[in-house]
Amino acid sequence: MRHYLQFKDFRAEEYAHLFERAASIKRRFKNYERYQPLADRTLAMIFEKASTRTRVSFEAGMYQMGGSVVHLTTGDSQMGRAEPIEDSARVISRMVDIVMIRTFEHTKIERFAANSRVPVINGLTNEFHPCQILADLFTFIEVRGMNQRGIVDAGCLKGRVVAWVGDGNNMANTWLQAAEILGFTVHVSTPSGYEIDPVVAGIKNSDCYKVFKNPRDACRDADLVTTDVWTSMGFEAENETRRSAFADWRVDSAMMALAKPDALFMHCLPAHRGEEVTAEVIDGPQSVVWDEAENRMHVQKALMEYLLLGRIG
Ligand code: CP
Ligand code: NVA
């Protein structure tokens, strides 16, 4: 049994397989072809933080694959009334086949996984958001590494430059892990006080990223420019301080102009136009944010298939 708690839980060749499966599963979905390998399987989704994309993509994806879902939040379960996470894991994992959790400290999902009889997927923790990066990379491959016949070339990621402009948060940490495994470089620019911590990110190879004081320098010659909210869930009390600290880290057209002419723009969403990104960029021709959001569902269907049924095809 495998869990998917951090991006580094899988190897490069497993990602190559997942990207191929995601492309095939997406093609079937677009052709209205039924594909229900998870009939009679149940996914429990546990949300300790708000969500739109993660909930809809996992829930719709599981139903499309023939399974069903149970949706729990802190407020409407005993987890909000101090039942130990270990006990919740023991109970929930006796009744379902797979679990997705969105929570605060990463240690919490690790404690759940350690007591679970079934695979556990990280739907976002304070430190990591692996399903999102899975979708982001698949989106990049769709645009830059897939031919007309739908042949997926995950190798197209090798040697690429991804510019990360903004907070040294869960998304940034996960980008670093992906760079280390898949062979690209992240140009990171954060305001001081919000830097990435390679120990928290859990990376060993410092060659997979470069730090830039000036966000414009990070964007120079990038293949992809990406950012995220200035204040992540759980950090709302810092909102005002962050708003002033991050003022120069807004992705705008001038920054995009420094990247490669065909550079893509991504944002995991939800976005705040006029804060971390201008409307011109997020609604502009280089932005692939809607494909990125939709691809959450396709990659997660491939991920659930892999965790429950192993290698198909
Ligand atoms: N990107 C993402 O995880 O979105 P939600 O918070 O809406 O799930
Ligand atoms: N970094 C953001 C991502 C939201 C999908 C957060 O943790 O709130």
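Counting starts at 1 for both ligands and their atoms, following the listed order. On a predicted model such as this, the values are computed, not experimentally measured, just so you know.
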*Asks:* Indicate whether the side chain of Asn170 and that of Asn126 have a donor and an acceptor atom separated by less than 3.5 Å.
*Replies:*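 Distance-only check fails for Asn170 and Asn126.
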*Asks:* In chain order, what residues pass the salt bridge (charged side-chain N to carboxylate O under 4.0 Å, His left out) check against Arg27, with sequence neighbours excluded?
*Replies:*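 By the salt bridge (charged side-chain N to carboxylate O under 4.0 Å, His left out) rule, Arg27 matches no residue at all.
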*Asks:* Which atoms form the tightest heavy-atom contact between Leu308 and Asp97, and what is the distance?
*Replies:*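 For Leu308 versus Asp97, the nearest heavy atoms are CD2-O, 3.4 Å.
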*Asks:* What residues come within 4.0 Å of ligand 1, counting heavy atoms only?
*Replies:*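 Lining ligand 1 at under 4.0 Å, by heavy atoms, one finds Ser51, Thr52, Arg53, Thr54, Arg102, His129, Gln132, Cys268, Leu269, Arg296.
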*Asks:* Ignoring hydrogens and angles, state whether a donor on the side chain of Tyr35 or Glu305 is under 3.5 Å from an acceptor on the partner side chain.
*Replies:*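 Short answer, yes.
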*Asks:* As a test of reading the model: which residues have a non-hydrogen atom less than 4.0 Å away from ligand 2?
*Replies:*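 Contacts of ligand 2 under 4.0 Å: Leu124, Asn169, Asn170, Asp228, Val229, Ser232, Met233, Cys268, Leu269.
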*Asks:* Hey, is Arg144 close enough to Asp223 for a salt bridge, meaning N to O under 4.0 Å?
*Replies:*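 A salt bridge is absent here (no side-chain N lies under 4.0 Å from a carboxylate O).
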*Asks:* For the residue pair Arg250 and Glu275, what are the closest heavy atoms and their distance?
*Replies:*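 Reported closest heavy-atom pair: NE-O, 2.7 Å.
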*Asks:* Return each pair, listed once, that meets side chain to side chain donor-acceptor pair (under 3.5 Å) where at least one residue sits in residues 173-193; pairs must be two or more places apart or across chains.
*Replies:*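 Qualifying pairs, neighbours excluded: Gln6-Gln177, Ser189-Trp249.
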*Asks:* Could you tell me which non-hydrogen atom of Glu236 sits nearest to which non-hydrogen atom of Met233, and how far apart they are?
*Replies:*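 Heavy atoms of Glu236 and Met233 come nearest at OE2-CA, 3.4 Å.
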*Asks:* Does Arg102 make a cation-pi contact with Phe47, if we ask for NZ or CZ under 6.0 Å from the ring centre and within 45° of the axis?
*Replies:*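 Geometry flag: not set, cation outside 6.0 Å or 45°.
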